[in-house]
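Everything on this sheet refers to the single structure shown next.
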Amino acid sequence: MTITPADIRREVKEKNVTFLRLMFTDILGTLKNVEVPATEEQLDKILNNKMMFDGSSIEGFVRINESDMYLYPDLDTWIIFPWGDENGKVAGLICDVYNPDGTPFAGDPRGNLKRALTHMEATGFKSFNLGPEPEFFLFKLDEKGNPTLEVNDQGGYFDLAPTDTADNTRREIVNVLTDLGFEVEASHHEVAVGQHEIDFKYTNVLEACDNIQIFKLVVKTIAREHGLYATFMAKPKFGINGSGMHCNMSLFDQEGNNAFYDPKGELELSETAYQFLGGILEHAYNFTAITNPTVNSYKRLVPGYEAPVYVAWAGQNRSPLVRVPASRGLGTRLELRSVDPTANPYLALAVLLECGLDGIARKLEAPAPVENNIYMMSGDERQAVGITDLPSTLHNAVKALREDDVVKAALGEHIYTNFVATKKVEWASYAQFVSQWEIDNYLYLY
Ligand code: ADP
Ligand code: MG
Ligand code: MG
Ligand code: MG
Ligand code: MG
């Protein structure tokens, strides 16, 4: 599908679009936007890549003295939001960020992913595909409209309500996503109370990452309309499952065949699949700061809640870091289970692609699959078969980034430096905080 400037001008008139949101993503993964009235004059500017914004107001983006940045809209991302008012509709375009001299801005995560894709194309592949499985919680709002940690779908003692508000909310989210052109494959209640998952069909990684950003916006907006708060934080509640975003990945070759599939290979996987897997496993410890970027992410990566803790892979077994789901042919894929939805998708997938390509370039061999439950093995048993740990804290994860030239190159100097600086501040602030757990465990004991 290719959308032209003429298509956009026509839609603006026909659908009574009065505002345009020009969207981009910052280093932390937050979707930002500049809202512009959809007048002829502004449209001319937008469609001719002349829309300027002040980058210095966005943390870690640019220095004050180079603050003028340009937004180049990707016309294929055109969407008309289902909300707005009687006066007109709001439409959106996802943009790439450019410097005043017309070069791509190195601190733009979407542009950075495109850089990784250019590398991939040079190695002969046609596309890198992503099918994400984002999970989230729906919590009640209090009277003031602030989020609580109370779920509304566990059917309280006196609760005779015949319908489940959360399930209805999830259905409406799916309807809106479908209207926006998403191919939703499944939507279901998750293991934990208040937790949900919506899966949409895999597509090329750039579109899939754009979809994730729009998806989060839709989920949060529709939840609010239903008096609920949607959160993608990794582990909002102690003692129950956290939210992950499993990433299903595959490479297609020039003919559109799945390069991970080989009917004659072991488990019907190609050499390319094993090498890509080898790259993912080799760099897993070092890239975790990008796939699990918050202090709270590491409260999810603990035993007992279906989240991975160790670096290993398997076929059907759901305990390891990477699973190879049973489907073959076009559906052949690697499922990375550590990623959580606080990850900046553009950064995470650029890093995963480069780590996989590194495995292919170096013809790495994947270790043997681990088909028994890793959580039942002792530390010695794990060591004997070469199963290592994922980082246990953001602090360790960020330190590990430094050690990995492939991960650093995948981020580029600008993003790497700003990411590390921001995360160091985040860790330092957390490390100094005295939590209720410490009071409960130490105040009376000492
Ligand atoms: P699970 O069994 O882990 O819950 P789901 O059925 O929820 O898996 O999600 C599987 C995801 O994998 C979907 O998003 C689907 O579109 C995606 N997928 C299928 N084939 C491929 C492929 N070749 N490459 C990448 N993703 C794929
Ligand atoms: Mg799933
Ligand atoms: Mg499923
Ligand atoms: Mg799930
Ligand atoms: Mg899954």
Side-chain angles (χ1 to χ4, degrees), residues 1-2 74 76-77 96 104 108-133 183 200-212 246-284 286-287 290-291 313 321-325 327-336 339 343-366 404-412:
M1 179 181 65
T2 312
D74 180 339
D76 286 338
T77 65
D96 293 318
D108 174 23
R110 189 176 194 266
N112 186 64
L113 175 57
K114 285 186 164 177
R115 195 169 57 89
L117 287 170
T118 307
H119 177 208
M120 173 202 75
E121 282 158 14
T123 65
F125 296 103
K126 187 173 176 199
S127 68
F128 178 46
N129 311 297
L130 170 68
E133 302 176 56
E183 246 182 273
F200 29 96
K201 191 177 178 214
Y202 75 91
T203 179
N204 75 75
V205 71
L206 192 67
E207 190 180 342
C209 288
D210 290 343
N211 286 346
I212 291 168
H246 297 168
C247 286
N248 294 270
M249 303 176 284
S250 62
L251 285 170
F252 284 0
D253 66 18
Q254 292 304 332
E255 287 74 48
N257 298 316
N258 192 323
F260 286 177
Y261 177 55
D262 178 358
K264 291 188 227 69
E266 198 162 349
L267 299 175
E268 295 181 69
L269 295 176
S270 68
E271 205 140 79
T272 302
Y274 283 109
Q275 292 169 350
F276 193 97
L277 173 60
I280 294 290
L281 296 177
E282 176 164 309
H283 295 284
N286 296 342
F287 68 56
I290 302 298
T291 51
W313 74 279
L321 179 65
V322 179
R323 179 172 75 102
V324 185
S327 100
R328 289 294 180 269
L330 266 195
T332 312
R333 60 190 188 264
L334 302 176
E335 179 193 41
L336 180 69
V339 191
N344 178 328
Y346 302 103
L347 295 189
L349 273 299
V351 164
L352 294 174
L353 174 58
E354 289 292 6
C355 290
L357 292 177
D358 181 54
I360 293 172
R362 291 164 54 210
K363 303 194 187 312
L364 289 181
E365 280 178 33
D404 198 306
D405 289 339
V406 172
V407 175
K408 272 160 81 172
L411 296 171

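This chain uses plain numbering: 1 for the first residue, then up along the sequence. Since this is a predicted model, take the numbers as computed values, not measurements.
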Measuring only between side-chain heavy atoms, which start at C-beta, is [X] closer than 4.5 Å to [Y]?
X: S250; Y: T332; value: no
X: L330; Y: Y261; value: no
X: P104; Y: D96; value: no
X: F125; Y: T272; value: yes

Just verifying a value: how many Å separate [X] [atom1] and [Y] [atom2], rounded to the nearest 0.5 Å?
X: D108; Y: K114; atom1: CG; atom2: NZ; value: 8.5 Å
X: N258; Y: S127; atom1: CG; atom2: OG; value: 9.0 Å
X: N211; Y: L206; atom1: CG; atom2: CG; value: 10.0 Å
X: F200; Y: I212; atom1: CZ; atom2: CD1; value: 5.5 Å
X: R115; Y: L353; atom1: CZ; atom2: CG; value: 11.0 Å
X: D405; Y: H283; atom1: CG; atom2: NE2; value: 9.5 Å

Identify the heavy atoms of [X] and [Y] that sit nearest to each other, and give their distance.
X: A350; Y: A410; value: O-CB, 4.0 Å
X: L357; Y: H119; value: CD1-ND1, 3.8 Å
X: G412; Y: N112; value: N-OD1, 4.3 Å
X: A259; Y: S270; value: O-OG, 2.5 Å
X: L347; Y: P109; value: CD2-CB, 3.8 Å
X: A366; Y: L277; value: CB-CD2, 3.8 Å

Tell me the salt bridge (charged side-chain N to carboxylate O under 4.0 Å, His left out) pairs involving residues 253-273, sequence neighbours left out?
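Matches after skipping sequence neighbours: none remain.
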Would you list the pairs meeting salt bridge (charged side-chain N to carboxylate O under 4.0 Å, His left out) in which at least one residue belongs to residues 343-364, sequence neighbours left out?
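Every pair satisfying salt bridge (charged side-chain N to carboxylate O under 4.0 Å, His left out) with a residue in residues 343-364: E282-R362, D358-R362.
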Can you check side-chain contact (heavy atoms from CB on, under 4.5 Å) on L117 and N204, steps first, answer last?
CA-CA 10 Å; L117 287 170; N204 75 75; 5.8 Å; no
Look at the aromatic rings of F276 and F128 and report parallel, tilted or perpendicular, splitting at 30° and 60°.
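Tilted, since the angle between the ring planes falls between 30° and 60°.
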For the pair D210 and R110, find out whether any cationic side-chain nitrogen is under 4.0 Å from an anionic carboxylate oxygen.
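Counted as a salt bridge, because a side-chain N and a carboxylate O are separated by less than 4.0 Å.
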From CA spacing to verdict: side-chain contact (heavy atoms from CB on, under 4.5 Å), F287, L336:
CA-CA 12 Å; F287 68 56; L336 180 69; 4.2 Å; yes
Would you check, one step at a time, whether the test side-chain contact (heavy atoms from CB on, under 4.5 Å) holds for H246 with R323?
CA-CA 10 Å; H246 297 168; R323 179 172 75 102; over 6 Å; no
Which residue, I280, L334, I290, forms the side chain to side chain contact (heavy atoms under 4.5 Å, CB included) with L352?
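The option that passes is I280.
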Between T203 (side chain) and E207 (backbone), is there a donor-acceptor pair under 3.5 Å?
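Judged by distance alone, no pair lies under 3.5 Å.
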Has the side chain of R328 got a donor or acceptor atom that lies under 3.5 Å from a matching backbone atom of L267?
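Yes; judged by distance alone, with no hydrogens or angles, the pair exists.
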Could you go through the side-chain contact (heavy atoms from CB on, under 4.5 Å) check for W313 and L321 one step at a time?
CA-CA 6 Å; W313 74 279; L321 179 65; over 6 Å; no
Should we count CD of Q254 as having more than 12 external heavy atoms under 6.0 Å?
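It does: Q254 CD has more than 12 such atoms within range.
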